[in-house]
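Step one of this worksheet: look at the structure below.
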Amino acid sequence: MSNQSNYVAGVDIGGTNLRVGVVQGLQLVYEKRTHADFATLCKTHAPTIAWQKIIEITSHALKEAILAYPQITAVGIGFPGFIDPANGLVAQSPNLPGLRDVDLAQDLSSAIGLPVIVENDALAAAYGEFRLNKNEAESLIYLGLGTGVGGGLIHAGKPFSGQHGVAMEVGHIIIDPIEKNPQARLCGCGNYGCMEQYASASGVVVSYESASGKQASADAIANFAHAGDKHALQAYRLAGASLAQALAHILKVVDVPQVVIGGGMSQAWPLMQAAFEERLEADLIPVLRHKVSIKISDAGDQAGIIGAALLAEMSLA
């Protein structure tokens, strides 16, 4: 368990938001959120310029935390991309296009003067959920619904990233192959028909616009759905069914007792739940039906911050 005197910083970098926290033990003692549209930044700037701005914005936010808590000993970053376990480089980030083999740990460490470790954002959140759940299950899967859909696996109490750092990239499981549907959606990873193109917040936006001809944010679409808008309801039903379709296949391969669903879009879970449960029941191998606990995170989006911080603390041990 964590030494109560240790203060570590955790950072959750997303496509549209930057969250910085300070963790002592399992408690989040400081938190600041910044709107940082890194996805648009990467789409509208050359990679070198975008990367420089990402480092500037993130280091500025971290320096504020360090000023408030100078006892911080290390920083953990949850980043939306493929992290190469051999060298810690961000090999690629489908939702932050153009970034290739960038050294987030070294560049941030140079900027703030503290050790930095980098892990996939969903894996960091998975570890945060595992620790916050006080080890109810020794193994669990975390699914994070945000701009994309991330996945993390905790196996026998330890985060599992895989040989090449792409374990549990569940958002890129193809559920709508272009060979069967010429209209399958193009994903940032380069393939067509990936689950996150339907089950994420951005996927809901596309589904709604395709059906209604109108543009709106995922939050606004959720409000429309609660008011009975048929196109909004259908967009969220498709999201739930798509998530379940992929999860059923994952559970056939990784047999865990618990799945935790988090991320910003999990707040709209009631709009997805019925379609999710129906599709999961249909697609799961019969022996697994009713044997896997599906839990909606009660940590909000704090699990990613806490998990990243605890992974940084672990790296110092």
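Owing to the predicted nature of the structure, the values given are computational and were not obtained by experimental measurement. Keep in mind that the numbers below use all heavy atoms, side chains included, and drop hydrogens, waters and symmetry copies.
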Kindly indicate, with the supporting measurements, whether the criterion side chain to side chain contact (heavy atoms under 4.5 Å, CB included) is fulfilled by Tyr208 and Phe224. CA-CA 10 Å; Tyr208 179 73; Phe224 299 157; 3.6 Å; yes
Between Gln71 and Gln24, is a side chain to side chain contact (heavy atoms under 4.5 Å, CB included) present by the stated rule, with each step listed? CA-CA 10 Å; Gln71 311 98 311; Gln24 183 188 33; over 6 Å; no
Step by step, would you call Glu129 with Ser297 a side chain to side chain donor-acceptor pair (under 3.5 Å)? CA-CA 8 Å; Glu129 291 287 353; Ser297 172; 2.4 Å; yes
Can you check side chain to side chain contact (heavy atoms under 4.5 Å, CB included) on Ser110 and Ile55, steps first, answer last? CA-CA 10 Å; Ser110 297; Ile55 295 297; over 6 Å; no
Derivation of the side chain to side chain contact (heavy atoms under 4.5 Å, CB included) call for Asp298 and Leu132: CA-CA 10 Å; Asp298 54 15; Leu132 290 169; over 6 Å; no
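To the nearest 0.5 Å, the span separating CD1 on Ile117 from CG on Leu311 amounts to 5.0 Å. If you take CD on Gln183 and CG on Leu186, they are separated by 12.5 Å, rounding to the nearest 0.5 Å. In this structure, the separation between CZ on Arg33 and CG on Asn17 is 8.0 Å, given to the nearest 0.5 Å. To the nearest 0.5 Å, atoms CD (Gln245) and CG (Leu247) are separated by 11.0 Å. With values rounded to the nearest 0.5 angstrom, Asp176 atom CG is found 8.5 Å from Leu238 atom CG. Atom-to-atom distance recorded for Asp283:CG and Lys252:NZ is 6.0 Å, nearest 0.5 angstrom.
Here the closest heavy-atom approach between residue Val8 and residue Glu313 is recorded as CG1-CB, 4.0 Å. Here the closest heavy-atom approach between residue Pro47 and residue Leu99 is recorded as O-CD2, 4.3 Å. Here the closest heavy-atom approach between residue Cys194 and residue Gly171 is recorded as CB-O, 3.4 Å. Closest approach of Tyr236 and Ala268 over heavy atoms only: CE2-CB, 3.6 Å. Residue Ala111 comes nearest to Lys63 through the heavy atom pair O-CE, 3.2 Å, listed as atom of the first residue, atom of the second, then distance. Nearest heavy-atom pair across Ser212 and His231 is CB-CD2, 3.7 Å.
Cluster annotation: Val118 and Leu316 are assigned to distinct hydrophobic clusters (Ile/Leu/Val/Met/Phe/Trp/Tyr, side-chain heavy-atom contacts under 4.5 Å, transitive). Both Ile306 and Tyr127 are members of a single hydrophobic cluster when ILVMFWY side chains are connected at heavy-atom separations under 4.5 Å. Tyr142 and Phe160 fall into different hydrophobic clusters, where Ile, Leu, Val, Met, Phe, Trp and Tyr side chains are chained together by heavy-atom contacts under 4.5 Å. Hydrophobic clustering keeps Met265 apart from Leu18 (ILVMFWY residues linked when any side-chain heavy atoms are closer than 4.5 Å, directly or through intermediates). Clustering ILVMFWY residues whenever any of their side-chain heavy atoms sit less than 4.5 angstrom apart, transitively, puts Met168 in a cluster other than the one holding Ile13.
Within a 6.0 Å sphere centred on CD of Gln273, other residues, nucleotides and ligands contribute more than 12 heavy atoms. Counting heavy-atom neighbours within 6.0 Å of Lys295 NZ, excluding the residue itself, gives a total above 12. By the neighbour-count criterion of 12 heavy atoms within 6.0 Å, atom OH of Tyr192 is sparsely surrounded, having that number or fewer from other residues, nucleotides or ligands. Under a cut-off of 6.0 angstrom, the local environment of CD in Glu278 is sparse, with at most 12 non-hydrogen atoms contributed by other residues, nucleotides or ligands. Other residues, nucleotides and ligands place no more than 12 heavy atoms under 6.0 Å from the NE2 atom of His60.
At least one side-chain heavy atom of Leu251 sits less than 4.5 Å from a side-chain heavy atom of Val292. Within the 4.5 Å cutoff, no side-chain heavy atoms of Gln234 are placed close to those of Ser207. Val205 has its side chain out of reach of Gln215: every pair of non-hydrogen atoms, C-beta onward, lies at least 4.5 Å apart. Thr147 has its side chain out of reach of Phe38: every pair of non-hydrogen atoms, C-beta onward, lies at least 4.5 Å apart. Side-chain atoms of Leu140 and Asn133, non-hydrogen and from C-beta on, do get closer than 4.5 Å to each other. Side-chain contact between Ile261 and Leu243: present, with at least one pair of heavy atoms (C-beta onward) separated by less than 4.5 Å. A heavy-atom distance below 4.5 Å is not found between the side chains of His172 and Asn191. Contact check for Pro70 versus Tyr7: no side-chain heavy atoms found under the 4.5 Å cut-off.
In this structure, Arg19 contributes its side chain and Gly304 its backbone to no donor-acceptor pair below 3.5 Å. Looking at Ser315, its side chain does come within 3.5 Å of a backbone N or O of Ala312 through a donor-acceptor pair. Between the side chain of Tyr198 and the backbone N or O of Arg185, at least one donor-acceptor pair lies under 3.5 Å. Between the side chain of Ser242 and the backbone N or O of Ala239, no donor-acceptor pair lies under 3.5 Å. Distance alone, capped at 3.5 Å, places no donor-acceptor pair between the Thr34 side chain and the Ala36 backbone. Under a 3.5 Å cut-off, the side chain of Asn120 and the backbone N or O of Gly81 do form a donor-acceptor pair. At least one donor-acceptor pair closer than 3.5 Å links the side chain of Ser139 to the backbone N or O of Ala156. Remark: the backbone N or O of Leu145 is not paired with any side-chain donor or acceptor of Ser200 at under 3.5 angstrom. The backbone N or O of Pro80 sits less than 3.5 Å from a side-chain atom of Ser93, completing a donor-acceptor pair.
The aromatic rings of Trp51 and Phe79 sit perpendicular to each other, their planes meeting at more than 60°, with 30° as the lower class boundary.
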